[in-house]
Amino acid sequence: MGVSSAVMIALSATSWASESFYRLRMEDSKAVYLTRDQGGLHGDGVQDDADAIQQAINKVQETTGQGIVFVPEGRYRISKTIFLWPGVRLIGWGEHRPAFVLGKNTPGYQQGMGYMLMFTGNRPRSNAAPIRQGRPQQPVPGVVPLNPSIADANPGTFYSAVSNIDFDIEEGNPAAVGVRFHAAQHCYLAHIDFHIGSGLAGIHDAGDEAEDLHFYGGQYGIMTRKPSPGWQFTLLDSTFEGQSKAAIKEHEAGLTLIRAHISKTPTAISIDPTYAEELWVKDSRFEDLSGPAVIVSNDRGLRTEINLEDIVCRNVPTFAAFRESGNKLPGRGEMYHVNTMTHGLTFASPSSPGEVKTAYDVSSISSFPPPVASDIPKLPPQESWVNLQTLGAKGDGTTDDTAAIRQAIASHRTIYIPSGHYVVTDTITLRPDTVLIGLNPSTTQFDIPDSTPAFQGPGSPKPLLETPKGGTNIVTGIGLYTNGINSRAVAAKWMAGKDSLMDDVRFLGGHGTFVPGMTPIYNNTHTADTDINRRWDSQYPSLWVTDGGGGTFANIWTPSTFAQAGMMISNTTTEGRVYDLSSEHHVRNEVKIDRASNWKIYALQTEEERGEGPFCLPLSIDDSSNITVANYHSYRVVSSYVPFLNAIHVANSHDIRLRNIHVYGDNKVSFDNSVAVEDGKPEFVRNREFAWMTIDTSSNDHETVPAKSSSVLAEGAKVKRLTGGFYNISGAAVDPAGQLYFVDAHWQRIYRWLPEQNRAEIVRDSPLDPVQLVFDRAGDLMVVSYDGNGTVYSFRPDALDDEITLLKPQKAAPREGMTPVLPENYWRNENDFVNAVSVAKPFQYVSPDGSTFIPAGEDFVTGALYYGTKMADVLRAFGLGRAEEGKLFYVSDESYQKTYAAEVGPDGTLKNMKLFAECGGESVTQDSHGNVYIAAGQVYVYSPSGDLIDTIKVPERPIDLVFGGKDGSTLYILARTSLYGVPVKR
């Protein structure tokens, strides 16, 4: 295809025109092709191409829903934000890489922030603003011109991508940003140069994965925060040069940075003030940084997890600086090598107490080593690619393409697969050097129909796709779908060697599966598929690396609920690397490692759904060695209600390196333990967040810490299990006589503890969804209920079951002389704890005797839902505490693991909040001496001045604390299945 003289002039004027990743046009009958001189497209860098590009993207959305827009080489001037709808990929091609150009002094890009291209949520059907969580979506700042109908990309934005297209920002656009990238799984940016000039940044709000990006100039290369689903952001093989402030400005991004080269800028990575981060940097180079190279914030907090390994530096005087403490880590001469730098909660072993500390292993070097080679192998030259459809495959979702695919593999090394649903009815076995190339795994799929005879069982595993032992295979950009009624199926049995690659592959089934005419994936109770014959957990693992298999696995999404696990690694010592793998929604395991060695797993993300995942163990490591797991995010969805013990289980394994472990849940049933280690004597790590631990079960070296006499417990007292057998107890309160009451919400039961009879008695089990309990001074029991909208009721504990009084919400007002009852803990997804929890509540529920009231937000009164779940603070808390007049009230930030002391206003509003302790969790209470007890894995006791004075170990994870008993000196500890008690000093 020829190139116009105007385009040639534009390209020749650009000395930094990039080498194109895709030089030749790829034929795809379902794709949309931009063509110069058609539809208003010019590509000359002078005339405006924004509308023509948008029309092409719109055409994909209007015809196939998801797919590809191919962009030929040229310089495409844009004058406003281009919207990339979900599932649409922009892919450039040509001898020179195409570029989107923001011309000089483009209106809308001078103040604030202005995006050239934006990954979006669903395309609006009208100009009305979309509704989010019951209220109109606010306009996204940075859209040029501002458009309230455009929804930002979100946790449900899948498959969108931009590849092989540069972004050039010309002078006079100081607010310009190349791409807003606030997206989720299988969205990526690749093979892009960002020439930012005097603009603001190349990328804002990064999400999921990117590779082979190069940033020149600008204030920042990347400005980002927590990705929209809360996962990590992974960046491979990229460079930054000449930023005026920092290469990367970020917080809570879960930044995984591999083989980066950062030069000629003050700072490589700057973490925003007060924020935590999980930062993993490996095999990177820092040069000519005035420094410090890395700025760490929240450096005294338990949520900060920083690890850098194998970083070489030249002309970097200060390697790291810590905002709060002011500490610095100096360089070591002109050139040096940082073997490791760790900061955060560190465990010498699973049995040792954790300690927040910094470790820094650095040595000077006499010569600068060459860059670490990428382990992402290059694709064969495009001239060797053969189009699968020209070889007879149809991809029409009906025709059996098995024979055509097999013949193509037998005859050709590199096979390009256009968009289509290719029906497969038997195993596709690759040759040792076979390369399969697709460009969108949602629209380019190999599909096994349900009930395919070759995959029926019971029987031995049968792969859809199989690689030979030791192969150098590359499989990229395709989806593998084993459907739901094929019990012998393995989507991919991978036995290829250390130089093989699987990249941008989607294992379909469950969430995000895009198949025309597909029925909903859940029945009406969210407990099974809509087709009862499609049984969850009925197939072998989706991705099974075994029998000496290895290689690189990048940007993989594997959420098929029908599979035994998303990924299994077994019976191999071959080197393997995993970058950005999302394994979700399985019944038993997300990832299983069994008899394997020499693997590095970076930016693993697991998620358990309410219906299928209550008993799923996310990561299992058995009989394995030399495994690194870094920047691991383990999450249970907000609507989960079933408690589960462990996120990671390790057995009979050694040299298991855990770095930056982030185990969390905005629900009330996050994992009790982050890690369980079993080698005869089980050990459990209760801390859900930590930076560093290495496990070696073969040593049998269990560290024992000598018992110390307690400074708060009564003489000789020990924690005693009083009773058990509960589902998940919390919501405790004591009556005016000190008798304990609590709730087992799952069974809708209210109990009271009878110490004289040594048993728990059911007080009520009416179907009223009790969650929290509060007593007023007269002994009336107030119950906060999940049922209905804003339900609070009361009764006398010994009254008949039908004697209840519904309490109505009243407008908030100062209530002098009355006692407010407030949540003891909050979960915030943003780092805004003090501002968020100190906002006055508009409603109050007043007790029958007029002595006590519960402040409540509008979300509680209206029954507002967050992803189908009520998250009002009076429901989400593990317990409510009485704010006694003249005493400070203590409240925990469960997410950031901090506890604050606050005064309480007469309307129940927290004020003058001050950080009390770098420790926070599910519950907090005080004894009569003013000591503060915090449930955060164990019970940590702080003096009134904020010094840690004791640790009370509990056999189970404590989740609610309250003092009771006749003299108020018994500490009751509610711990999921059991009630514990221990007397304290009077």
Side-chain angles (χ1 to χ4, degrees), residues 380 385-457 459-483 486-497 500-509 515 539-547 549 551 553 556 558 560 562-563 567:
W385 298 11
V386 179
N387 189 312
L388 180 62
Q389 291 188 357
T390 66
L391 301 176
K394 301 298 184 183
D396 58 13
T398 303
T399 305
D400 187 348
D401 286 319
T402 307
I405 296 170
R406 284 175 165 175
Q407 183 58 45
I409 291 169
S411 304
H412 304 277
R413 178 195 176 200
T414 304
I415 301 167
Y416 163 63
I417 310 170
S419 300
H421 289 258
Y422 298 85
V423 172
V424 173
T425 56
D426 208 342
T427 298
I428 302 298
T429 301
L430 307 186
R431 294 192 301 167
D433 62 349
T434 299
V435 176
L436 301 181
I437 301 170
L439 295 174
N440 189 328
S442 180
T443 58
T444 303
Q445 303 177 12
F446 286 180
D447 300 339
I448 307 176
D450 267 338
S451 304
T452 296
F455 295 89
Q456 297 306 294
S460 57
K462 184 170 180 60
L464 161 56
L465 187 74
E466 182 177 72
T467 63
K469 291 184 178 182
T472 57
N473 303 98
I474 298 175
V475 177
T476 181
I478 66 173
L480 300 174
Y481 189 24
T482 55
N483 244 297
N486 292 299
S487 57
R488 293 179 59 194
V490 176
K493 184 179 181 182
W494 194 270
M495 297 176 289
S500 63
L501 171 68
M502 175 180 278
D503 185 20
D504 188 31
V505 169
R506 167 69 153 92
F507 293 86
L508 295 129
V515 176
Q539 299 178 356
Y540 289 98
S542 291
L543 171 55
W544 194 349
V545 185
T546 190
D547 292 346
F553 301 82
I556 307 295
T558 173
S560 174
F562 305 109
M567 183 179 193

Say you draw a straight line from OG1 of Thr414 to CD1 of Ile437; how long is it, rounded to the nearest 0.5 Å? 5.5 Å
Atom NZ of Lys469 and atom CG of Asp547: how far apart are they, to the nearest 0.5 Å? 4.5 Å
Rounded to the nearest 0.5 Å, what separation is found between the CZ atom of Arg488 and the OG1 atom of Thr452? 12.0 Å
Asp450: what forms a side-chain contact (heavy atoms from CB on, under 4.5 Å) with it, not counting sequence neighbours? Asn483, Ile485, Asn486, Arg534
Who pairs with Thr444 by side-chain hydrogen bond (donor to acceptor under 3.5 Å, both in side chains), at least two apart in sequence or on another chain? none
Using the side-chain hydrogen bond (donor to acceptor under 3.5 Å, both in side chains) criterion, which residues pair with Ser419? Sequence neighbours excluded. Asp28
For the atom pair CH2 (Trp385) and NE2 (His412), what is the distance rounded to the nearest 0.5 Å? 15.5 Å
Between CG of Leu480 and CG of Leu543, what distance do you get to the nearest 0.5 Å? 9.0 Å
By side-chain hydrogen bond (donor to acceptor under 3.5 Å, both in side chains), Asp433 pairs with (sequence neighbours left out) none
Listed partners of Val423 passing side-chain contact (heavy atoms from CB on, under 4.5 Å), at least two apart: Thr425, Pro449
Using salt bridge (Lys or Arg N to Asp or Glu O under 4.0 Å) as the criterion, list what pairs up with Asp504, not counting sequence neighbours. Arg89
When rounded to the nearest 0.5 angstrom, what distance separates CD1 in Ile405 from CG in Asp400? 8.5 Å
Residues two or more places apart in sequence or in another chain: which of them pass side-chain hydrogen bond (donor to acceptor under 3.5 Å, both in side chains) with Thr558? none
Please enumerate all residues that pass side-chain contact (heavy atoms from CB on, under 4.5 Å) together with Asp396, with sequence neighbours excluded. Lys394, Thr398, Thr399
Checking Arg413 now: which residues fulfil salt bridge (Lys or Arg N to Asp or Glu O under 4.0 Å) with it, not counting sequence neighbours? none
Between the main-chain N or O of Ala491 and the side-chain N or O of Thr482, is there a donor-acceptor pair closer than 3.5 Å? no
Applying side-chain contact (heavy atoms from CB on, under 4.5 Å) to Ala496 and not counting sequence neighbours gives Thr467, Asn473, Trp494, Ser500
Would you say the side chains of Thr427 and Glu466 form a donor-acceptor pair under 3.5 Å? no
Qualifying salt bridge (Lys or Arg N to Asp or Glu O under 4.0 Å) pairs with a residue from residues 418-431, counting only residues at least two apart or across chains: Arg406-Asp426, Asp426-Lys462
